[in-house]
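Presented below is the structure to which this report refers.
Each chain gets a letter, A, B and so on, in the order its sequence line appears, and its residues count up from 1. These values consider heavy atoms only, across backbone and side chains, with no hydrogens, waters or symmetry-generated copies.
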Amino acid sequence: MHAEKQKHDFEPKIVAFVCTWCTYAGADLAGTSRMQYPSNVRVLKFPCTGRIDPVFILRAFQRGADGVLVSGCHPGDCHYMAGNLHARRRFAAFRGLLDFVGVDLNRLQFSWVSAAEGGKWVDVVTELTERIRAMGPMEEFKALETEECWSGALATPELQEAYKAI
Amino acid sequence: MNNTAQKLETATPLDTSCYAAVTDAIRKEASRILTDGTVTAVVGYKAGRRAGTTMPAIVTDPAKATELIFSPACVNNLALYLTKAKKDVVKKGRVAIVAKGCDMRALAGLMGESQLKREEIFIIGVVCAGVKGSGAVNGEPLTTGNLARKCRECTVHTPEGADLTAGTLPSLPELTPVEAEEMARLDAMTPAERWAFWKEQFSRCVRCMACRQVCPFCYCEQCLCDKNRPQAVESTPRPAGNMAWHIVRAMHLAGRCAGCAECERVCPMDIPLNLLNRKMALEMKELYGFEAGLTPVEKGPLAEYKDNDDQSFIK
Ligand code: SF4
Ligand code: SF4
Ligand code: SF4
């Protein structure tokens, strides 16, 4: 029997970028073992965490993600030897940059989840979902996406003056 | 405005006596190495069309070596001309380049990235008391008021490792580190305040890409930000694309940037790009003990890894 699904005011959208060898298999294991985890997470499969470009994370936020998870093999388990170790450095730097431009790092989670860790996948996803739910929607990037530099309207005295001067 | 030369009320003139001696030394050396065939071209500076300005020049004729100059208006980082993106210059054979300390850091970086070979170039290093910041009036003397922000905190006034180092450094005053103070101010803000700060800054960006074109490390033949199938970063100057572009730019230069601040100098919209560069440099130093220097390193901090790298942020 499934537990009664709780209704929430806000269902966050979470995008998970995962590597195919470990975390994807781990999530699959969680599924085949019939473990329950929030359906808020949309899983995108990559060959390796080393293939996950920081620009994908930006894209996810721009297109409406409220939280992002990046997950791959534990150090030493990488199918390509060291892709995850390169990624570890890259994402450490990327976090620093995002923090500097003012993104709340609580919206971005990194984890190592192996093919045998279905339970860990459930924990990571559940915790992230609940954290983001408490934080509310991610507005910053969405606001940028909907904002135009100039709407075409002569809405300010400066613009009107500039227009008259033409 | 942010990166326009600080108009400090107590702008005192700086000792610029070294520039004339440096100019002489550059001319003499350029003439010598062009005549004896050590190099086929010298990349340096010559006087610009307007008084008090300079522009990059490529001299191939020893008789024209007297056109070369060095002055506080020699702002350009000429390392740009030696990247593979500018194949025509390097194709000519061994090339000499006039390089300030900060430019030499860029040369070292390019060598580390196998863009350049040390034996292919002849470095005429110059002793540099500083160059003018953007917004300085042409022809006005160099003062503590119109000095470029990067020069206030320069650690490479006298570069090491050049084939020849021209000039001797005059004594320079201690200057307030304006940029470091700005960094500290940003660090003290809340994330929301920082977001508001950068959103305002980036909203001015017109996506002219001058910051990319001038950077010695932006030598990719196909920039990610120009691709449209699929499009990774929106290419029009709208807020979303601007934010993404600046994050991507800072990220792609992390661990590579030489801190020459050329990107910030050329920005027509006065966006303080070097703050982002400095932030990444700081991260690289704190996390991986890496600092851009005058000696080439084969692998930059984001091109290698260690087994015990920090992973406290990973669950
Ligand atoms: S940073 Fe240093 S070497 Fe570069 S222009 Fe300024 S004073 Fe000269
Ligand atoms: S990013 Fe800017 S400061 Fe860094 S190397 Fe490029 S032009 Fe110079
Ligand atoms: S130079 Fe300035 S305006 Fe031009 S693309 Fe770079 S940041 Fe934007």
Side-chain angles (χ1 to χ4, degrees), chain A residues 49-50 53-59 61-63 69-72 74-76 78 81-113 120 123-124 127-128 139-150, chain B residues 183 186-187 189-199 201-206 224-225 230-234 236-244 246-248 250-252 254-255 275-276 278-280 282-284 286-288 301-315:
Chain A
T49 34
D53 192 306
V55 82
F56 300 162
I57 299 175
L58 291 180
R59 198 74 174 157
F61 280 134
Q62 282 179 347
R63 289 303 156 99
L69 171 67
V70 177
S71 185
H74 286 268
C78 179
M81 312 309 287
N84 55 352
L85 301 179
H86 284 290
R88 182 167 67 183
R89 281 205 167 190
R90 195 182 312 139
F91 288 125
F94 187 56
R95 282 177 89 251
L97 179 57
L98 282 188
D99 181 49
F100 191 61
V101 296
V103 177
D104 190 336
L105 291 181
N106 285 316
R107 296 194 179 269
L108 185 55
Q109 180 70 55
F110 298 90
S111 65
W112 309 128
V113 173
K120 182 171 177 187
D123 291 346
V124 168
E127 199 193 309
L128 180 63
E139 298 292 1
E140 287 89 343
F141 280 97
K142 270 177 257 178
L144 291 180
E145 192 67 25
T146 48
E147 246 170 56
E148 287 285 343
C149 277
W150 180 43
Chain B
M183 292 292 292
L186 279 170
D187 269 337
M189 287 180 180
T190 64
E193 287 167 342
R194 275 199 295 272
W195 179 267
F197 172 85
W198 286 113
K199 188 173 165 181
Q201 296 289 347
F202 296 156
S203 71
R204 295 200 306 275
C205 176
V206 293
L224 175 83
C225 301
Q231 187 175 55
V233 175
E234 193 190 3
T236 46
R238 290 181 61 246
N242 285 0
M243 177 65 75
H246 286 285
I247 293 177
V248 168
M251 195 61 208
H252 285 188
L275 295 179
L276 291 161
R278 279 186 74 145
K279 172 64 190 177
M280 294 322 278
L282 222 68
E283 289 285 312
M284 290 303 116
E286 275 170 13
L287 286 164
Y288 311 120
L302 291 189
E304 60 164 9
Y305 62 87
K306 293 223 165 63
D307 288 336
N308 59 355
D309 282 337
D310 172 54
Q311 57 172 5
S312 53
F313 65 98
I314 305 174
K315 208 169 263 173

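- Heavy-atom distances place both the backbone and the side chain of B:Asp307 under 4.5 Å from chain A.
- Of the listed residues (A:Val101, A:Leu58, A:Val70), the greatest number of heavy-atom pairs within a distance under 4.5 Å of chain B belongs to A:Val101.
- The ring of B:Trp195 has its center closer than 6.0 angstrom to the ring center of A:Phe141.
- To the nearest 0.5 Å, the span separating CD on B:Gln311 from CZ on A:Arg89 amounts to 12.5 Å.
- Proximity to chain A involves both the backbone and the side chain of B:Lys306, based on heavy atoms less than 4.5 angstrom apart.
- For the residue pair A:Glu145 and B:Ala240, the shortest heavy atom distance occurs at OE1-CB, 3.2 Å.
- Proximity to chain A (any heavy atom under 4.5 Å) is shown, for B:Met251, by both the backbone and the side chain.
- Nearest heavy-atom pair across A:Ala93 and B:Leu287 is N-CD1, 4.4 Å.
- Contact of B:Met284 with chain A is made through the side chain alone, with heavy-atom distances under 4.5 Å.
- Here the straight-line distance linking atom CG of A:Asp53 with atom CG of B:Leu224 works out to 6.5 Å at 0.5 Å rounding.
- With A:Phe100 as reference, B:Lys279 is the one residue of B:Arg278, B:Glu283, B:Lys279 to meet the side-chain contact (heavy atoms from CB on, under 4.5 Å) rule.
- A cation-pi arrangement, defined by a distance under 6.0 Å to the six-membered ring centre and an angle within 45 degrees of its axis, is absent between A:Arg88 and B:Tyr305.
- Each of B:Phe202, B:Tyr288, B:Trp198 has some count of heavy-atom pairs under 4.5 Å with chain A, and the biggest count is that of B:Tyr288.
- In this structure, chain B has no heavy atom under 4.5 Å from any part of A:Phe61.
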### Message
One pair to check against side chain to side chain contact (heavy atoms under 4.5 Å, CB included): A:Leu85 and B:Asp309. What are the steps and the verdict?
### Response
CA-CA 8 Å; A:Leu85 301 179; B:Asp309 282 337; 5.9 Å; no
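- For B:Ala303, the part lying near chain A is the backbone, with the side chain staying farther off; criterion is any non-hydrogen pair under 4.5 Å.
- Proximity to chain A (any heavy atom under 4.5 Å) is shown, for B:Glu304, by both the backbone and the side chain.
- Inter-residue side-chain proximity for A:Phe94 and B:Ile247 is flagged as met; some heavy-atom pair is nearer than 4.5 Å.
- If you measure heavy-atom distances from B:Leu276 to chain A, the contacts under 4.5 Å come from both the backbone and the side chain.
- The choice from A:Arg59, A:Gln109, A:Glu140 that makes the most heavy-atom pairs within less than 4.5 Å of chain B is A:Glu140.
- Salt bridge present: B:Arg194 and A:Asp99 bring a charged side-chain N and a carboxylate O closer than 4.0 Å.
- Taking the charged nitrogens against the carboxylate oxygens, A:Glu127 and B:Lys315 do have a contact shorter than 4.0 Å, which makes a salt bridge.
- No part of A:Leu105 comes within reach of chain B, as not one of its non-hydrogen atoms sits under 4.5 angstrom from that chain.
- Most heavy-atom pairs under 4.5 Å with chain A, from the set B:Ala250, B:Ala232, B:Ala192, B:Ala196: that is B:Ala232.
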### Task
Apply side chain to side chain contact (heavy atoms under 4.5 Å, CB included) to A:Leu97 and B:Met280, showing your working.
CA-CA 7 Å; A:Leu97 179 57; B:Met280 294 322 278; 3.7 Å; yes
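- Counting heavy-atom pairs under 4.5 Å between each of A:Arg90, A:Gln62, A:Arg95, A:Lys142 and chain B puts A:Arg95 at the top.
- By the 6.0 Å contact criterion, CE on A:Met81 is open, its count of non-hydrogen atoms from other residues, nucleotides or ligands being 12 or less.
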